[in-house]
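Values below: every heavy atom of this structure, side chains too, minus hydrogens, waters and symmetry copies.
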Amino acid sequence: MAPDVVLAVVTDSLEPFHTGGKEARYAGLLPRLGQHGIRVEVHTMRWWGSAQPPDVPGLRLRPLCPRWNLYTGTRRSIWQACAFAVSSLRMLTRPFDVLEADAIPFVQLFPLKLVARLRRKRFVVTWHEVWGRNYWTSYLGPLGRVAAALERMAASLPDHIVAASAGTAERLADLGVSASRITVIPNGIDLAEVDAAPVSSTVGDIVCVGRLLAHKNVAVLIEAVAQLHRLGRRVSLTVIGTGPELDRLRELVRSLRMTSYVSIVPPVEARRDLLAAMKGASVLAFPTVREGFGMVALEALACGTPVVTTDHPDNNARHLIAPGVNGFTCGTGVQELAHALARTLDQAPALSAGAAASGRDFSWDALAATLAKVVLG
């Protein structure tokens, strides 16, 4: 039997140390590559402190640098991004056959391209979302123009790009990336894990899951629930997550006098419990205005829970929703979201069946087979 191909994956965060869309994606895909003759080594920050790297089935973890905070306040840390990029040069001395990186926060792609060129190795990058000039300038002000230019330059570096959604692939094409250099591999789900999860009885009618960041629009969701109460609908909301917006959201709940109906609880560590929470709600609210794919939305659909998300052009989760079949999309304002939530709650039984059916179209095993073909070239 031929020896395994060694895939070196460079990423600054991964499960179980940090949770999010890209981390869940890697957790679902990377361990399955072993079935295709690919040995995966993940090079990341030293999340485990001074101890030995933990045993993660299917993966070997290797530290590139100390653990630095990913965020400064509500924004990704520019210092951490640059420091991690410099640390990525250590890949010059580490053995691998193919180099893979995720594009968040994309600064590290420049030194990694140098590594791949000097080592004469194939360079593959997973691209979750394209921000573009407008979003970068709204995020960083005048400095956003520089970031947008760097993003365009970074997109030209990989030998091949794995796009997490069709929408991301389209926006990469707008940056000048040839379609021949892009393969769309969406996020997936473990159907057996979904089927085995129980149904929670402790969540509200509406559940919202994710890191509490401004662009996730959880404040708008809370106000929409308050609006439904003013209209006589006593629905309840459970927000599962933490992040920079936590204190502001708690104060908003208090100011709206919704503490009896809106609960904000810490992230759920066990996936079984998270899936159980999704199954226990009548609708998942996902009001984000920027999302590379929408892993939370996909998991909810697989659980048979219809989804309400925004139709904002930077929200690629909207592509998962067939309005009136497995949920609804809506505008980003309070009134639009409240109306969409009410419609979904009214049609919950029929939408639940549509959600479960649509969620079955994604499987980690099939997606990992496609990724293996990309890695092996």
Checklist entry - In terms of side-chain geometry, is the basic nitrogen of E41 or R94 positioned less than 4.0 Å from the acidic oxygen of its partner? => result no
Next on the checklist: Donor-acceptor check, side chain of T344 to backbone of A340, threshold 3.5 angstrom: yes or no?
Outcome noted: yes
Item to check | Donor-acceptor contact below 3.5 Å, side chain E223 vs main chain L221 | outcome: no
Next on the checklist: If only side-chain N and O atoms count, and only distance matters, is there a donor-acceptor pair under 3.5 Å linking N326 with S358?
Outcome noted: yes
Checklist entry - Are R318 and H312 close enough that a side-chain donor and a side-chain acceptor fall under 3.5 Å? => result no
Item to check | Lys/Arg N to Asp/Glu carboxylate O, R32 vs D365, below 4.0 Å | outcome: yes
Next on the checklist: Is it the case that the side chain of D4 and the backbone of V6 share a donor-acceptor pair, with hydrogens and angles ignored and the cut-off at 3.5 Å?
Outcome noted: no
Checklist entry - Looking at Y71, does the NZ or CZ of R211 lie under 6.0 angstrom from its six-membered ring centre and within 45 degrees of the ring axis? => result yes
Next on the checklist: Assess whether a salt bridge exists between E245 and R248, defined as any Lys/Arg side-chain N lying under 4.0 Å from an Asp/Glu carboxylate O.
Outcome noted: yes
Next on the checklist: If we ignore hydrogens and angles and just use 3.5 Å, is the side chain of K279 paired with the main-chain N or O of A197 as donor and acceptor?
Outcome noted: yes
Next on the checklist: My understanding is that only one of N315, T288, N217 makes a side chain to side chain donor-acceptor pair (under 3.5 Å) with T310; could you say which?
Outcome noted: N315
Next on the checklist: Side chains of R230 and Q227 only: does a donor on one sit below 3.5 Å from an acceptor on the other?
Outcome noted: yes
Next on the checklist: Is the shortest side-chain heavy-atom distance between P63 and W47 below 4.5 Å?
Outcome noted: no
Checklist entry - Quick one: are F328 and Q347 in side-chain contact, heavy atoms under 4.5 Å? => result yes
Item to check | Residues which pass side chain to side chain donor-acceptor pair (under 3.5 Å) with D205, listed by chain and number, not counting sequence neighbours | outcome: S236
Checklist entry - Checking R75 against Y139: charged group under 6.0 Å from the ring centre and within 45 degrees of the axis? => result yes
Item to check | Carboxylate-amine/guanidinium proximity below 4.0 Å for D102 and K22 | outcome: yes
Item to check | Sidechain N-carboxylate O distance under 4.0 Å for D97, R119 | outcome: no
Checklist entry - Looking just at side-chain N and O atoms, do E151 and W136 make a donor-acceptor pair shorter than 3.5 Å? => result yes
Item to check | D174 and R152 ion-paired at < 4.0 Å | outcome: no
Checklist entry - Regarding S165 and H319, is there a side-chain donor-to-acceptor distance under 3.5 Å anywhere? => result no
Checklist entry - Do side-chain atoms of S255 reach the backbone of L252 as a donor and acceptor pair under 3.5 angstrom? => result yes
Next on the checklist: Is the shortest side-chain heavy-atom distance between P158 and K113 below 4.5 Å?
Outcome noted: no
Next on the checklist: Any donor-acceptor pair under 3.5 Å linking the side-chain atoms of Y26 with those of E100?
Outcome noted: yes
Next on the checklist: Donor-acceptor pair, distance only, cut-off 3.5 Å: does the side chain of K121 make one with the backbone of V115?
Outcome noted: no
Checklist entry - For R133, does its backbone N or O pair with a side-chain atom of T137 as donor and acceptor, under 3.5 Å? => result yes
Item to check | Pair E23-S13, side-chain donor/acceptor within less than 3.5 Å | outcome: yes
Checklist entry - Would a distance-only check, ignoring hydrogens and angles, find a side-chain to backbone donor-acceptor pair under 3.5 Å from R90 to L64? => result yes
Checklist entry - D12 and Q80: side-chain donor and acceptor closer than 3.5 Å? => result yes
Item to check | Set of residues satisfying salt bridge (charged side-chain N to carboxylate O under 4.0 Å, His left out) with respect to R290, sequence neighbours excluded | outcome: E129
